[in-house]
Amino acid sequence: MDAKTLKFFFNQFEHQSIYKGYTELNSGHINDTFFIETEGKTNYILQRINHKIFKDVAGLVNNKVLVSNHLKSKFSNKSDKDLDQKVLSFVKVKNSDLHYFKKGQDFWNLMIFINNSVTHETVKDKGIAFEAGKLLGNFLNNTSDFESNQLIDVIPNFHDMSFRYSQYENALKNASNVRLQNAEKYTKLVADLKEEMHILQHLKEAGEIPTRVTHNDTKISNSLFDKNNKGICMIDTDTVMPGIIHYDFGDAIRTICNTATEDEKNLEKVTFNLEFYEAYKKGFLEETKASLSEIELKYLPLAAKTMIFIMALRFLTDYLNNDVYYKTIYQDHNLDRAKNQFKLIESFYKKML
Ligand code: GN1
Ligand code: MG
């Protein structure tokens, strides 16, 4: 992507700002994301949304706008300008009510950058884990009265374990011999864990665990902090859909308690940090305890294991499929990501038992 192109797309949106420059943000695996610096005080995040993965981008953007508007309604007496710095705000296209600009097959959207904010790829102290727990708790509280039937199912069965197993089993059938051999070490583990990894799904289907509006991509880099590491808000609301809290709690633990990044190849660096688990849980429960049922609380540890596992399974599946889903930058990238998550599960066992 070049500056001229980005400036063109930036200028399709309704704002008074003058484009100055851009920085690509590489943390996401699906969309292309750019920080847009302007000559003024307001900066932006410009995103090209991956329409191959998100089949209904218009619906996805509509979800995001609805959720943001709902979150904003929770603040009293705040001007639009203040709220733009507390919750994600989407900019409309010039002379249009749409919040996305479509050119050819590509969809673009623009958000206002929250000033003085930072994100983390790994957690270095338990204060951050605690704050992240509070952020998710807040998000779930504030969306608990949101009418979820307004949301489209962005990716049907997104965290459905049976769906992910069936994708994996198909991938096994079609994989190349080389990739199959490289993945072999993990196929037994995937088979052995099958029953346990379906427990949460079965409780959900039986109605024992309630469905709520959930974020569905709570990795630590999707929590925004101020420079003093106080939580501001959850970002990347692409996958907000009905789900169970275990998806969000577990997916957050998956990255918060990993002593290394998701892409770390040196597995010795990958261990599960129990102290951060406790800190995250404390922050999360401080916000949500009163509204959670006994069964929801009981299954928080299994949520962690299940969500680490589901990501391992998805990375492994994409590896077997020759990398058709996640962005990769080298040949065995997805396999390395899967190995990283399997190592985290192993460490989780040791620490939790
Ligand atoms: C993907 O694109 P990104 O980084 O926001 C994925 C998540 C995974 C995550 C792993 C739509 O999110 O489910 O947890 O990678 N999103 C989708 O880093 O598949
Ligand atoms: Mg995401």
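Atoms within each ligand, like the ligands themselves, are counted from 1 in listed order.
For K74 and D145, the salt-bridge test passes: some basic side-chain N is under 4.0 Å from an acidic carboxylate O. Under the 4.0 Å criterion applied to side-chain N and carboxylate O atoms, D332 and R337 are not assigned as salt-bridge partners. Between K126 and E131 there is no salt bridge, since no side-chain N of the basic residue sits under 4.0 Å from a carboxylate O of the acidic one.
Here the CZ atom belonging to F315 is positioned 4.0 Å from the CD atom belonging to E262, to the nearest 0.5 angstrom. Rounding to the nearest 0.5 Å places CD1 of I245 at 11.5 Å from OG1 of T211. Going from atom OG1 of T119 over to atom CG of L25 covers 8.0 Å, rounded to the nearest 0.5 Å. Note that the CZ atom of R164 and the CD1 atom of I310 stand 6.0 Å from one another [nearest 0.5 Å].
The ligand atoms of ligand 1 that sit less than 4.0 angstrom from a heavy atom of Y326 are 15 (O). Contact atoms of ligand 1 toward F54: 11 (C) (distance under 4.0 Å to a heavy atom of the residue). Counting atoms of ligand 1 from 1 in the listed order, those under 4.0 Å from a heavy atom of D236 are 5 (O). Within ligand 1, counting atoms from 1 as listed, the ones closer than 4.0 Å to a heavy atom of R254 are 10 (C), 14 (O).
Close N/O approach between I30 and ligand 1 is found [any backbone or side-chain N/O within under 3.5 Å].
S166 places a side-chain N or O within 3.5 Å of a backbone atom of F163 that can act as its donor or acceptor partner. Judged purely by atom type and a 3.5 angstrom limit, N50 uses its side chain to pair as donor or acceptor with the backbone of I53.
You'll find the ring centres of Y326 and H333 outside the 6.0 Å limit.
Annotation: atom 12 (O) of ligand 1 to nearest protein heavy atom, D217 OD2, 3.2 Å. Of all protein heavy atoms, the one lying nearest to atom 14 (O) of ligand 1 is M311 SD, 3.3 Å. Regarding atom 10 (C) of ligand 1, its nearest protein heavy-atom neighbour is E262 OE2, 3.4 Å. Annotation: atom 17 (C) of ligand 1 to nearest protein heavy atom, Y325 OH, 3.3 Å. With hydrogens left out, the protein atom closest to atom 15 (O) of ligand 1 is H29 CD2, 3.6 Å, a heavy atom.
Across the listed options H159, R337, R314, K219, K219 owns the non-hydrogen atom lying nearest to atom 9 (C) of ligand 1.
Counting heavy atoms under 4.0 Å from ligand 1, residue D238 does not touch it at all.
Partners of K327 according to the salt bridge (charged side-chain N to carboxylate O under 4.0 Å, His left out) rule, which considers only residues two or more places apart in sequence or in another chain, are D32.
Both F225 and L71 are assigned to one and the same hydrophobic cluster, defined by single-linkage of ILVMFWY side chains at heavy-atom distances under 4.5 Å.
At a cut-off of 2.8 Å, measuring from the Mg ion (ligand 2), the protein N, O or S atoms that fall short of it are D217 OD2, D236 OD2, waters left aside.
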